[in-house]
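Accompanying notes for the structure given below.
Just so it is clear, the model here is predicted, and its values are computed rather than measured. Atoms within each ligand, like the ligands themselves, are counted from 1 in listed order.
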Amino acid sequence: MTRRESILKEMGLAPLWRLRERPELVSPLAPLARRGEGGEGQRQDHPHPGPLPPAGEETRKQRIAALGWDGLKAAVADCRDCRLCEQRKQAVLGVGDVDADWLFVGEGPGAEEDERGEPFVGQAGQLLDAMLAAIGLQRGRKVYIGNVVKCRPPGNRTPEADETAACFPYLQRQIELIRPKLIVALGKPAAETLLDTEVKVGASRGRLFDYRGIPLIVTYHPAYLLRSLPEKAKAWEDLCLARRTMKELNDVAR
Ligand code: URA
Ligand code: SF4
């Protein structure tokens, strides 16, 4: 057991650290099969060329996995690899400190983000900024903010599974470049994409999950909190857990 793991165990968080060793938490269905149902009829109306064959997809993932920040910015700005490219004004890669300790991951750009090219600048973003401030954080200072899809889903609908799958290599590369100490998944699409399993946010709060060795906390999306004020108290608890976890991780590193 590493020192970090033993600290987490002392915090009573270790059993959940190993999500993939708990088969009962892992959906037997791949994300595409699980959430892609019922969209086929709609999809045929789109001129977009559909998913790449497996070999092409592998090459694409490898190409993205080798990009630096400039390459990522350019690739995302020009990307047409899912149907969300069709109605976007611009793709929104993310914002913040490329050496961030904290990574917050939302769902996808809304109207204002699509307009301005920065994540979380609308109403939900104001709440996110307030949530960050509540735990002594500020956008851009050891904090990076991104989304699971980089292009605005029309009408702010939830991104579909094939869209999050197409866009995920970009987020994976961002995480590799940033190497955050802690990831906070804001809402279900972010949590499901990062953990590659079905997630119920309410049931996943208060636990520490694992994204490739990086602790990950799941909480409500700020847009949901705007509609459901009682859940704000729970989000506050989640942020306190996040802050406590970061403190422990920093103590271990000393
Ligand atoms: N909601 C999100 O999930 N992301 C944004 O960038 C804005 C609103
Ligand atoms: Fe490309 Fe992602 Fe935009 Fe889809 S959402 S077009 S994969 S950048």
* Asked: Do K150 and Q174 meet the criterion of a side-chain donor-acceptor pair at a distance under 3.5 Å?
  -> yes
* Out of H221, E118, E107, indicate the one that has the non-hydrogen atom closest to atom 1 (N) of ligand 1. => H221
* What is the nearest protein non-hydrogen atom to atom 4 (Fe) of ligand 2, stated with its residue, atom name and distance? -> C82 SG, 2.4 Å
* Is the closest side-chain heavy-atom distance between D114 and V92 below 4.5 Å? -> no
* Asked: N/O of P109 under 3.5 Å from N/O of ligand 1, yes or no?
  -> no
* Asked: Any idea which protein heavy atom is nearest atom 1 (Fe) of ligand 2, and the distance to it?
  -> C79 SG, 2.3 Å
* To do: Check ligand 2 against C85 and write out every atom of the ligand that is under 4.0 Å from a heavy-atom position of the residue.
  => 6 (S)
* **Under 3.5 Å: N/O of E113 near N/O of ligand 1** => no
* Asked: Looking only at N/O atoms, are F120 and ligand 1 under 3.5 Å apart anywhere?
  -> yes
* ligand 1 contacted by E112 (non-hydrogen, < 4.0 Å) -> no
* Asked: With a cut-off of 6.0 Å (strictly less than), are more than 12 heavy atoms of other residues, nucleotides or ligands near CD of Q123?
  -> no
* Structure fact -> Under 4.0 Å between heavy atoms, the region of C167 that gets near ligand 2 turns out to be both
* Asked: Cationic tip of R179 within the cone over Y144's six-membered ring, i.e. under 6.0 Å and within 45° of the normal?
  -> no
* E160 versus R83, closest heavy-atom pair with distance -> OE1-NH1, 4.0 Å
* **atom 2 (Fe) of ligand 2 contact by C151, N, O or S atom under 2.8 Å** => no
* Closest non-hydrogen atom pair between A91 and V76, with its separation -> CB-O, 3.3 Å
* Asked: Mind checking whether A223 has a heavy atom under 4.0 Å from ligand 1?
  -> no
* Decide yes or no for Q172 and R212: does some side-chain heavy atom of the first lie under 4.5 Å from some side-chain heavy atom of the second? => yes
